[in-house]
Participant: 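The structure's right below; bear with me while I get my questions together.
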Amino acid sequence: MTHNIAPAAESATTRTAHRRRYLMCRPEHFTVSYTINPWMEPANPTDTAKAVRQWEALYDAYLGFGHEVHLIDPIEGLPDMVYTANGGFVIDGTAYGAKFRFAERGPEGPAFMDWFRDNGFTVADPVEVNEGEGDFLLVGDVILAGTGFRSTGDSHREVGEVFGKEVVSLTLVDPRFYHLDTAIAVLDPVQGVENGGPEKANIAYLPHAFDERSRSILAERFPDAILVSDDDGAVFGLNSSSDGYNVIISPRAVGFEAQLRERGYNPVMIDLSELLLGGGGIKCCTLELRR
Ligand SMILES: CN(C)C(=N)NCCC[C@H](N)C(=O)O
């Protein structure tokens, strides 16, 4: 189901909001008790109630836009479970399970796979280390796959075999941007004119986060991409969620907000500052369930 929304007044481009189905996890057990990325500092206090309030603002926004949101029960002792984007990668009712790089998150893999099975998805058990939609992004019919910090190159082959799709491997080089969804935002997840969308699925990205080879691939494949500044990247501006028209972003990504408006998108600011203490943002808290 899709609903059409009027384009931004100054833009010639008509954008269409598509109804999405997401999986989220209320951060009832959120805290920072270990360090597995440069953002996490266990000595800094966290406020779980504030994390829940901020997360609820995101949840409410999705419902307000007419999206369907499913919830997985949080498990005590797994504080990173709120970042559901890492729990798997789902296309056409098949969930490729996650196999986490660090032992601290290991038990989340089976917990998410149980949820997928219980909710009618076909589960492809992973052999290779991969962190789900944190490192795999569907753009049109192509999977962009990140490596360098978490998911392995072998998982790129495996995800291609599971879904029978072209996989484009990209290498991340800055430890602050350790998952692909910190460095690329998919703006038009549904490809093409046949879906009533723009002619080509487009992205925004942070060039600085990639090696030379990956930057050339991105430049060639996405000549119309929005290139985001280092300042906006550094506040996790790209860790955003788009339905093709409404793009939920961090309020600190002011340059990106202007770039989105120029292109006819509707940026919506939601602050997840507390969840940033764990090294995650809007997109990390959102796993798309494509049936
Ligand atoms: C875009 N990002 C970063 C995500 N998709 N996930 C956030 C994971 C955070 C967790 N503490 C970790 O380091 O795994």
Side-chain angles (χ1 to χ4, degrees), residues 2 18-24 67-68 70 72 83-101 105 108-172 179-195 197 200-203 205 210 214 217-218 220-222 225 241-244 283-284 286-291:
T2 66
H18 294 261
R19 189 166 189 250
R20 301 278 172 223
R21 188 178 290 114
Y22 293 135
L23 179 64
M24 298 181 73
H67 303 317
E68 182 180 318
H70 295 257
I72 181 170
Y83 307 115
T84 52
N86 306 140
F89 183 50
V90 185
I91 303 177
D92 290 343
T94 294
Y96 172 48
K99 187 167 170 183
F100 285 86
R101 161 80 54 186
R105 297 196 68 183
E108 291 182 47
F112 278 101
M113 284 190 267
D114 286 348
W115 188 92
F116 294 132
R117 277 192 199 94
D118 293 348
N119 287 276
F121 292 85
T122 302
V123 174
D125 284 290
V127 173
E128 308 299 342
V129 169
N130 82 87
E131 298 199 353
E133 209 169 55
D135 273 328
F136 302 131
L137 298 173
L138 185 66
V139 189
D141 207 34
V142 173
I143 297 170
L144 299 185
T147 190
F149 297 102
R150 298 291 178 93
S151 303
T152 60
D154 284 335
S155 75
H156 296 184
R157 175 194 38 77
E158 192 171 53
V159 76
E161 286 164 8
V162 169
F163 294 112
K165 291 189 185 296
E166 181 189 4
V167 177
V168 176
S169 289
L170 302 168
T171 302
L172 295 159
H179 275 145
L180 192 62
D181 67 356
T182 62
I184 292 184
V186 183
L187 299 174
D188 312 298
V190 175
Q191 170 83 50
V193 199
E194 73 277 12
N195 291 304
K200 196 168 185 302
N202 205 8
I203 62 169
Y205 67 96
F210 295 94
S214 307
I217 293 173
L218 289 168
E220 195 188 322
R221 288 201 173 234
F222 301 101
S241 157
S242 172
D243 64 17
K283 174 65 190 69
C284 306
T286 312
L287 175 66
E288 187 159 0
L289 301 172
R290 303 177 188 84
R291 289 215 203 247

Participant: Find the distance between CZ (Phe100) and CG (Asn86) and round it off to the nearest 0.5 Å.
Facilitator: 5.0 Å
Participant: Does Lys99 use its side chain to pair, donor to acceptor, with the backbone of Val127 at less than 3.5 Å?
Facilitator: yes
Participant: Report yes if some heavy atom in the side chain of Asp141 is under 4.5 Å from a heavy atom in the side chain of Lys165; otherwise report no.
Facilitator: yes
Participant: Atom SG in Cys284, atom CG in Asp181: separation rounded to 0.5 Å?
Facilitator: 4.5 Å
Participant: Which heavy atom in Ser241 sits nearest to a heavy atom in Tyr22, and how many Å separate them?
Facilitator: OG-OH, 3.6 Å
Participant: Are Asp135 and Ser151 close enough that a side-chain donor and a side-chain acceptor fall under 3.5 Å?
Facilitator: yes
Participant: For Phe116 and Gly87, work out which heavy atoms get closest and say how close.
Facilitator: CE1-O, 3.5 Å
Participant: Rounded to the nearest 0.5 Å, what separation is found between the CD atom of Glu158 and the CG atom of Asn130?
Facilitator: 7.0 Å
Participant: Kindly say whether Leu187 contributes a backbone atom to a donor-acceptor pair with the side chain of Ser242 at under 3.5 angstrom?
Facilitator: yes
Participant: Who pairs with Glu108 by side-chain hydrogen bond (donor to acceptor under 3.5 Å, both in side chains), at least two apart in sequence or on another chain?
Facilitator: Arg105
Participant: Taking Arg290 for the side chain and Val90 for the main chain, is one N or O donor matched with an acceptor at less than 3.5 Å?
Facilitator: yes
Participant: Say whether Asp243 and His67, considering side chains only, have a donor N or O and an acceptor N or O under 3.5 Å apart.
Facilitator: yes
Participant: Leu172 versus Phe210: any side-chain heavy-atom pair under 4.5 Å?
Facilitator: yes
Participant: Run the side chain to side chain contact (heavy atoms under 4.5 Å, CB included) test on Leu287 and Ile72 for me, step by step, so that the C-alpha distance in whole Å, both residues' side-chain angles and the decisive distance to 0.1 Å come before the verdict.
Facilitator: CA-CA 11 Å; Leu287 175 66; Ile72 181 170; over 6 Å; no
Participant: Applying ring pair (Phe, Tyr, Trp, His ring centres under 6.0 Å), can you list everything that pairs with Phe89, at least two apart in sequence or on another chain?
Facilitator: Phe136, Phe163
Participant: To the nearest 0.5 Å, how far apart are NE2 in His179 and CD in Glu131?
Facilitator: 3.5 Å
Participant: Indicate yes or no: at least one non-hydrogen side-chain atom of Leu23 is less than 4.5 angstrom from one of Asn119.
Facilitator: no
Participant: Between Arg20 and Glu288, is there a side-chain N and carboxylate O pair less than 4.0 Å apart?
Facilitator: yes
Participant: Keeping the roles fixed (side chain from Asp188, backbone from Asn202), state whether a donor-acceptor pair exists under 3.5 Å.
Facilitator: yes
Participant: What I'd like to find out is whether the side chain of Arg221 reaches to under 4.5 Å of the side chain of Val142, using heavy atoms alone.
Facilitator: yes
Participant: Tell me, with the steps shown, if Ile91 and Tyr96 meet side chain to side chain contact (heavy atoms under 4.5 Å, CB included).
Facilitator: CA-CA 9 Å; Ile91 303 177; Tyr96 172 48; over 6 Å; no
Participant: Give the minimum heavy-atom separation between Gly140 and Ala201, together with the two atoms involved.
Facilitator: N-CB, 3.7 Å
Participant: Taking only residues two or more places apart in sequence, or in another chain, which ones meet Ser169 in a side-chain hydrogen bond (donor to acceptor under 3.5 Å, both in side chains)?
Facilitator: His156
Participant: Can you list the residues that meet the salt bridge (Lys or Arg N to Asp or Glu O under 4.0 Å) rule with Arg117, with sequence neighbours excluded?
Facilitator: Asp114, Asp125
Participant: First locate atom OH of Tyr83, then atom OG1 of Thr286, and finally report the distance between them rounded to the nearest 0.5 Å.
Facilitator: 12.0 Å
Participant: Who passes side-chain hydrogen bond (donor to acceptor under 3.5 Å, both in side chains) against Thr182, sequence neighbours left out?
Facilitator: none
Participant: Does some side-chain heavy atom of Thr152 sit less than 4.5 Å from a side-chain heavy atom of Arg101?
Facilitator: yes
Participant: Are Val139 and Ile184 packed together at the side-chain level, in the sense that at least one heavy-atom pair is separated by less than 4.5 angstrom?
Facilitator: no
Participant: Evaluate the side-chain proximity of Val186 to Leu144: yes if any heavy-atom separation is below 4.5 Å, no if none is.
Facilitator: no
Participant: Can you tell if the side chain of Arg291 reaches within under 4.5 Å of the side chain of Phe121, non-hydrogen atoms only?
Facilitator: yes
Participant: Please enumerate all residues that pass side-chain hydrogen bond (donor to acceptor under 3.5 Å, both in side chains) together with Glu128, with sequence neighbours excluded.
Facilitator: Arg157
Participant: With rounding to the nearest 0.5 Å, note down the distance linking CZ in Arg150 to CG in Leu180.
Facilitator: 13.0 Å
Participant: Quick one: list whatever passes salt bridge (Lys or Arg N to Asp or Glu O under 4.0 Å) with Asp154, sequence neighbours left out.
Facilitator: none
